[in-house]
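Notes for the one structure printed next.
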Amino acid sequence: RVVCISIDSNSAKYVIDWALANFIRPETDLIVLVHVRVLDMPMAPYVDAAGYMDDVAEERRNESHDLLKMHASQLWEKKIACKAVSMIGDPKAEIIRKAEEVHANALIMGSRNLGTIKRTLLGSVSDHCVHHAPCTVIIAKAP
């Protein structure tokens with residue numbers, strides 16, 4: 001099976017721990033760890049943000065790669081086949097795209113536990129994935 005696990009800095013530990021304890025078959029599964037980073041745009045008008053954006057992009061890329069390396073190494077130590085993928089863009093679209101691209105049999109992700117108002121304004125990534133993913137979606141709740 002191909003199992004996509006979408007992680008961020010808040011959910012990675014509990015999502016991977018849940019997947020290891022309840023879902024992953026180490027002998028046969030390929031795990032695709034996915035982290036999507038969003039680049040923040042400066043809000044001030046008439047600002048030359050080129051240098052700032054390059055610095056922020058590099059910092060976010062390094063954070064993403066460090067997060068993926070840390071959790072992929074945890075899986076490799078357990079002899080679980082794993083790929084790590086860092087992407088830029090809208091998490092809703094990119095997670096779905098990657099699940100389709102790797103022909104995932106399952107997508108496991110965490111929940112940000114947004115309140116009703118924030119979820120309405122920002123939209124829920126996990127809710128979007130439940131309705132649009134090409135495979136089974138499992139939402140691991142934070143302990």
For residues L67 and S9, report the shortest heavy-atom separation together with the two atoms involved.
CD2-N, 3.9 Å

At their closest point, which heavy atom of L68 faces which heavy atom of A84, and how far apart are they?
CB-CB, 3.9 Å

Kindly write out the residues that satisfy ring pair (Phe, Tyr, Trp, His ring centres under 6.0 Å) with H132, not counting sequence neighbours, or none if the list is empty.
H128

Quick one: are L20 and I80 in side-chain contact, heavy atoms under 4.5 Å?
yes

Can you confirm whether I16 sits close enough to L33 that some side-chain heavy atom of one is under 4.5 Å from a side-chain heavy atom of the other?
yes

Could you tell me whether a side-chain N or O of W76 sits under 3.5 Å from a main-chain N or O of A81, the two making a donor and an acceptor?
no

Less than 4.5 Å apart, side chain to side chain, heavy atoms only: is that true for M109 and C129?
yes

CG-CZ distance between D66 and R61, expressed to the nearest 0.5 angstrom:
10.0 Å

N62: which residues meet the side-chain hydrogen bond (donor to acceptor under 3.5 Å, both in side chains) condition with it, sequence neighbours left out?
none

So which pairs with a foot in residues 82-91 pass salt bridge (charged side-chain N to carboxylate O under 4.0 Å, His left out), sequence neighbours left out?
none

Sequence neighbours left out, what passes salt bridge (Lys or Arg N to Asp or Glu O under 4.0 Å) with R1? Give chain and number order.
D29

Gap separating the OG atom of S126 from the CD1 atom of I138, nearest 0.5 angstrom
13.0 Å

Suppose we screen for side-chain hydrogen bond (donor to acceptor under 3.5 Å, both in side chains). Which residues come up paired with K13, at least two apart in sequence or across chains?
D17

Using 0.5 Å steps for rounding, measure from the NZ atom of K141 to the OH atom of Y14.
8.5 Å

Is a donor on one side and an acceptor on the other found under 3.5 Å between the side chain of N105 and the backbone of V3?
no

Quick one: NZ on K98 to CG on L107, what's the gap to the nearest 0.5 Å?
13.0 Å

Tell me, do C82 and L30 make a side-chain contact under 4.5 Å, heavy atoms counted?
no

Hey, what do you get for CZ (F23) to CD1 (I108), rounding to the nearest 0.5 Å?
5.0 Å

How long is the span from the CD atom in Q74 to the CE atom in M70, to the nearest 0.5 Å?
8.5 Å

With sequence neighbours excluded, residues passing side chain to side chain contact (heavy atoms under 4.5 Å, CB included) with V36
V34, M87, P91, E94, I95

Applying side-chain hydrogen bond (donor to acceptor under 3.5 Å, both in side chains), name anything that partners E63, two or more places apart in sequence or on another chain.
none

For S86 and H35, test the side chains for any donor-to-acceptor distance below 3.5 angstrom and give the result as yes or no.
no

With sequence neighbours excluded, tell me which residues meet side-chain hydrogen bond (donor to acceptor under 3.5 Å, both in side chains) with S11.
D8

All salt bridge (Lys or Arg N to Asp or Glu O under 4.0 Å) counterparts of E100, not counting sequence neighbours
none

Single-linkage hydrophobic cluster, 4.5 Å side-chain cutoff, I96 and V32 together:
no

